Visitor: 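I'd like to ask you about the structure that follows.
Given the structure is predicted, the values throughout are model-derived calculations rather than measurements. Order of the sequence lines fixes the chain letters, A, B, ..., with proteins taken first and strands second; residue numbering starts at 1 for each chain.
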Amino acid sequence: MNNMGGKKIFRKLQNYFSFWNVALLLFLVLSAVFIIYPFGKMFLQSFTTAKEEGFTLANYTTFFQKKYYYTALINSLKICIVVTVITTALGVPLAYIGTRYNLYFKRVINIMIVLSMLSPPFIGAYSWITLLGRSGVITKFLASIGIDIGSIYGFKGIILVFVLKLFPLVYLYVSGALSSIDSSLEEASESLGVSGIKRLMKVTFPVIMPTILSAALMVFMTALADFGTPRLIGEGYNVLPVIIYKEFLNEVATNPSFASALSVIITIISALVLLLQKAIVDRKSYNMSALRPPAPVELPVGKKILATAAVFIVAFLSIVPQITVVVMSFLKTRGPLFVRGFSLESYRNIISKLSTNIRNTFTFSILAIALIIIIGLLGSYLIVRRKSKITTFLDILLMFPYVIPGSVIGICLIVAFNTGPLVLTGTMWIIVISYSIRKLPYTMRSSVGILYQIDHSVEEASISLGVPPMKTFFKTTAILMLPGLLSGAVLSFVANINELSSTIILYTGKTSTISVAIFNAVNNDAFGNAAALATILTFSTVISLVIFNKISGGKSVV
Amino acid sequence: MSQTVRIESVVKEYGNFRAIDNVSLEIKPGEFFTLLGPSGCGKTTLLRMIAGFNTIESGKIYFNDEEINDVPAHKRNVGMVFQNYAIFPHMSVKDNVAYGLKARKIKGAELIKRTEQALKLMQMYEYKDRQPSQLSGGQQQRVALARAIVIHPSVLLMDEPLSNLDAKLRVQMRSSIKKLQKSLNITTIYVTHDQEEALAISDRIAVMNNGRVEQIGEPKEIYMRPANTFVANFIGTSNFLQGEADNGVVTILGKVKIPVKLKEGYKGKVIVSVRPENAALCPVQEGMLKGKVVFATFLGDYINYEIELEDGTSMEINEYTSNVDQHWEAGDLAGIDLNTKRITVFDHETEKSIMVY
Ligand SMILES: Nc1ncnc2c1ncn2[C@@H]1O[C@H](COP(=O)(O)OP(=O)(O)O)[C@@H](O)[C@H]1O
Ligand SMILES: [Mg+2]
């Protein structure tokens with residue numbers, strides 16, 4: 001009897017320390033250390049100053065009193081709203097044309113759009129400067145025939161670059177939604193006598209409205225958080241991420257309390273935008289899966305050419321930056337100037353001087369991806385299959401970084417790990433952690449989605465056949481999740497090799513990356529080197545996409 | 001080798017809701033035992049408690065004499081067949097079947113031998129290298145069965161295994177499952193909501209409703225001697241007529257008197273249940289129930305009549321075409337001849353049987 005009791009207690013203990021409970025505990029500790037603590041510390045620090053003791057609102061009052069600061073906020077909002085409106089107005093109709101009609105060169109168009117979406121954000125700014133800037137190729141050529149195109153620096157330039165960079169996002173999201181509307185829906189509408197434009201307005205667009213809003217949100221958030229573009233092409237036009245960076249440098253990293261206050265403000269803005277979008281989408285969300293997606297319509301030749309031209313031109317403009325950097329990387333340079341003739345000089349330069357950066361970029365990104373895959377695999381399992389109040393809380397925690405712009409994550413990590421029990425500043429780990437945190441919400445969303453598609457009884461079958469739960473997970477669900485997870489990871493990898501906003505805050509000489517080197521090269525007018533580095537990124541992106549296509553079995557991106 | 005499964009006063013709660021409410025069962029070694037009941041009555045919940053996927057709030061479950069409440073699912077040695085088969089989509093047929101053997105550290109020639117035996121038994125040997133996506137529903141079902149029996153489970157659990165198959169295949173599969181179970185002599189607990197399937201396949205049946213067991217018995221017993229009106233109505237069809245019982249005589253509609261063996265000294269209002277095949281239509285006679293034919297449906301081997309009795313209750317009667325000469329038409333007035341040996345009488349309040357057999 002006694003012995004039986006002992007066995008029972010042992011079994012109970014085993015239950016408490018089961019693999020998943022340990023994993024849950026570990027996740028809670030990790031998110032406490034790397035998400036709650038850094039953000040909490042930054043938040044508290046925003047209420048301190050170097051001069052005064054104790055709690056103070058001084059940073060916030062300064063922000064709203066000094067024109068320099070609050071203008072940056074207004075500028076940020078202006079940019080984001082204008083960019084969101086234009087990309088949506090451009091992306092939605094083009095996506096409709098692209099999915100519903102047979103166009104020429106459809107594959108080429110799609111490749112251009114995907115590539116431009118995944119290009120490093122700041123390459124756009126940098127390329128358009130080399131084309132249309134003060135001493136840009138096109139500017140000079142037009143000037144020589146007497147046309148003055150004016151300055152593209154400042155507001156106009158930022159908008160131009162953002163629109164071309166972010167329109168593909170709307171295009172791809174909306175195309176996806178348009179091709180998953182079951183055609184019977186639209187046919188039903190036609191049969192009820194609602195057709196043409198009216199049907200579009202009454203049936204098609206309302207149904208894809210949640211998708212449009214999600215895409216618009218992504219555009220808004222990306223534009224709000226991006227540092228490289230406004231920094232390079234904005235010149236005097238300050239937006240929030242730029243002044244965060246400047247303040248951070250000014251405060252010499254010892255007491256970045258004003259930068260912290262700015263970070264809090266920008267985080268609150270993106271959280272508000274997210275809540276607004278959620279409030280709208282939750283009220284009108286439809287679950288769609290096309291049994292019979294609409295077949296593309298064949299247009300008469302004239303119209304087909306026009307439709308193709310419309311989509312092609314915009315897609316082509318989005319890819320111009322990439323083409324530009326690739327071409328420039330093979331040009332001869334003398335200082336900041338390109339001279340006639342081709343050469344591999346830029347490549348020789350970067351290989352001899354910047355091989356550490358190249359190695360760093362790939363090391364950090366691969367490590368971050370490995371972490372992300374593990375977290376995505378285990379985290380989504382906890383959230384979906386071990387649903388409880390605690391795992392729901394974990395879900396919220398892991399989604400939280402979604403509203404934190406890259407530069408803010410950078411500042412948080414500096415604030416948290418510059419001093420104290422765990423010092424990470426200056427190490428490669430702080431960058432790897434930043435990359436992982438930034439991509440975490442995307443990975444979590446997609447892996448939760450994947451897991452919902454996988455039948456739970458497969459695991460129960462394995463358990464009842466005698467394989468313990470943890471081993472069962474790795475032999476069944478994990479293997480079934482992996483293809484989806486890996487293809488998502490490839491996209492995160494692409495984003496990470498191009499990351500600048502947090503790296504620029506976290507890097508030191510030893511941990512500098514390609515994107516930092518490009519940024520510095522552009523600032524130092526070493527355009528040739530910048531172009532060669534950017535070309536390396538572009539090719540890495542292309543190769544990653546090929547891998548993505550292999551893994552995901554040819555399913556298109558998004 | 002086959003085991004007894006004993007379930008003692010088991011309770012399962014979801015929040016305040018009792019999905020399983022104090023259920024006790026004893027399943028004999030090698031028995032084919034079925035949990036039968038309407039959707040949502042708790043069959044799956046109980047089965048998953050036996051498999052170890054649901055916690056047990058109170059009560060105990062034993063395999064032979066070992067209490068298994070705290071034994072984790074993977075150590076219970078049960079074979080489970082899921083409603084949607086739950087075939088491992090990333091493994092071939094052969095690997096699916098070998099999976100449980102490998103978990104038991106069975107290797108080499110033994111592994112191959114047992115895997116192939118199980119596949120042959122289920123007539124799936126020739127498909128052994130296929131991927132699950134290349135199999136039909138019936139074939140997946142066979143793989144699921146092969147995978148469950150190959151490990152020589154103490155208990156075989158099946159949750160509505162035939163519900164995803166078409167009608168014809170369902171009948172075929174149910175007899176091969178029955179034969180397989182008998183030849184292997186595995187204690188089997190089978191879940192279904194289909195009463196015909198349950199009657200055809202089971203040694204004994206537990207009829208469940210709202211998380212409780214209403215009656216346990218052999219198929220014939222459950223059909224012929226329902227313990228309450230729920231069972232009478234759920235298994236087959238029953239007509240319920242109002243009546244009075246006094247001194248061993250039941251009076252229906254105030255005039256038809258039937259002597260019945262009831263519980264000693266029972267007196268009061270009763271419900272009399274009559275199955276459609278236990279009544280026949282005849283010319284109207286004194287002292288007999290009578291009613292109007294509302295609808296006659298010719299179904300080949302029998303005719304189904306809908307009759308409206310004098311007090312307005314409606315009644316269903318089936319007559320085999322081969323047994324009768326006269327066919328009735330809607331509007332006809334007919335006498336109703338009850339097979340008084342086949343009626344069941346229930347207390348009006350408790351709706352429980354008051355018959356003595
Ligand atoms: N995980 C659960 N949480 C809450 N209620 C549940 C859960 N699983 C089952 N139930 C409820 O328990 C009852 C019995 O369910 P189930 O055993 O699946 O019925 P059956 O298999 O007989 O159709 C149902 O009312 C169902 O809604
Ligand atoms: Mg069920």
Visitor: Check this for me: Asp129(B), atom CG, are more than 12 non-hydrogen atoms of other residues, nucleotides or ligands nearer than 6.0 Å?
Guide: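 Counting other residues, nucleotides and ligands, CG of Asp129(B) exceeds 12 neighbours.
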Visitor: Relative to chain A, which segment of Arg147(B) carries a heavy atom at a distance below 4.5 Å: side chain, backbone, both, or neither?
Guide: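 For Arg147(B), the contact with chain A is made by backbone and side chain together.
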Visitor: Just wondering, are more than 12 heavy atoms of other shown residues or ligands nearer than 6.0 Å to NZ in Lys471(A)?
Guide: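 Incorrect, the count does not exceed 12.
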Visitor: So how far is it from Phe88(B) CZ to Thr472(A) OG1, rounded to the nearest 0.5 Å?
Guide: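 Going from the CZ atom of Phe88(B) to the OG1 atom of Thr472(A) covers 7.5 Å.
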Visitor: Where does Ile87(B) contact chain A at under 4.5 Å (heavy atoms): side chain, backbone, both or neither?
Guide: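 Backbone only.
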Visitor: Tell me, for Arg104(B) versus chain A, whether the close heavy atoms (under 4.5 Å) come from the side chain, the backbone, both or neither.
Guide: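 Side chain only.
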Visitor: Give me each pair satisfying ring pair (Phe, Tyr, Trp, His ring centres under 6.0 Å) with a member in residues 116-148 of chain B, each pair once, sequence neighbours excluded.
Guide: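 Applying ring pair (Phe, Tyr, Trp, His ring centres under 6.0 Å) to every pair that reaches into residues 116-148 of chain B, excluding sequence neighbours, yields nothing.
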Visitor: Quick one: what part of Ile463(A) sits under 4.5 Å from any heavy atom of chain B, side chain, backbone, both or neither?
Guide: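 For Ile463(A), backbone and side chain are both near chain B.
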Visitor: Identify, with sequence neighbours excluded, every residue that meets ring-ring contact (aromatic ring centres under 6.0 Å, His included) alongside Phe400(A).
Guide: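 Expected list: Phe39(A).
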Visitor: Does Phe393(A) have more than 12 heavy atoms from other residues, nucleotides or ligands lying within 6.0 Å of its CZ?
Guide: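 Atom CZ in Phe393(A) is not crowded, with 12 or fewer foreign heavy atoms closer than 6.0 Å.
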Visitor: Output the distance between atom OG (Ser464(A)) and atom CG (Leu156(B)), rounded to the nearest 0.5 Å.
Guide: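 Going from OG on Ser464(A) over to CG on Leu156(B), the span is 10.0 Å.
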Visitor: Sorted by first residue and then second, give each ring pair (Phe, Tyr, Trp, His ring centres under 6.0 Å) pair with at least one member in residues 44-87 of chain B; sequence neighbours left out.
Guide: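 Qualifying pairs: none.
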Visitor: Chain B contacts: which residues in residues 447-461 of chain A have a non-hydrogen atom closer than 4.5 Å to it?
Guide: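 Listed by number: Asp455(A), Ser457(A), Val458(A), Glu460(A), Ala461(A).
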Visitor: Just give me the residue among Asn77(B), Asn84(B), Leu157(B), Val81(B) that pairs up with chain A most often, heavy atom to heavy atom, under 4.5 Å.
Guide: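 Sorted descending by pairs with chain A, the first entry is Asn84(B).
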Visitor: Report which part of Ala51(B) has an atom under 4.5 Å of a heavy atom belonging to chain A: side chain, backbone, both, or neither.
Guide: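 For Ala51(B), there is no contact with chain A at all, as no heavy atom is under 4.5 Å.
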Visitor: Take atom CD1 of Ile56(B) as the centre, draw a 6.0 Å sphere, and report whether it contains more than 12 heavy atoms from other residues, nucleotides or ligands.
Guide: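 Yes, because the 6.0 Å sphere around CD1 of Ile56(B) holds more than 12 heavy atoms from other groups.
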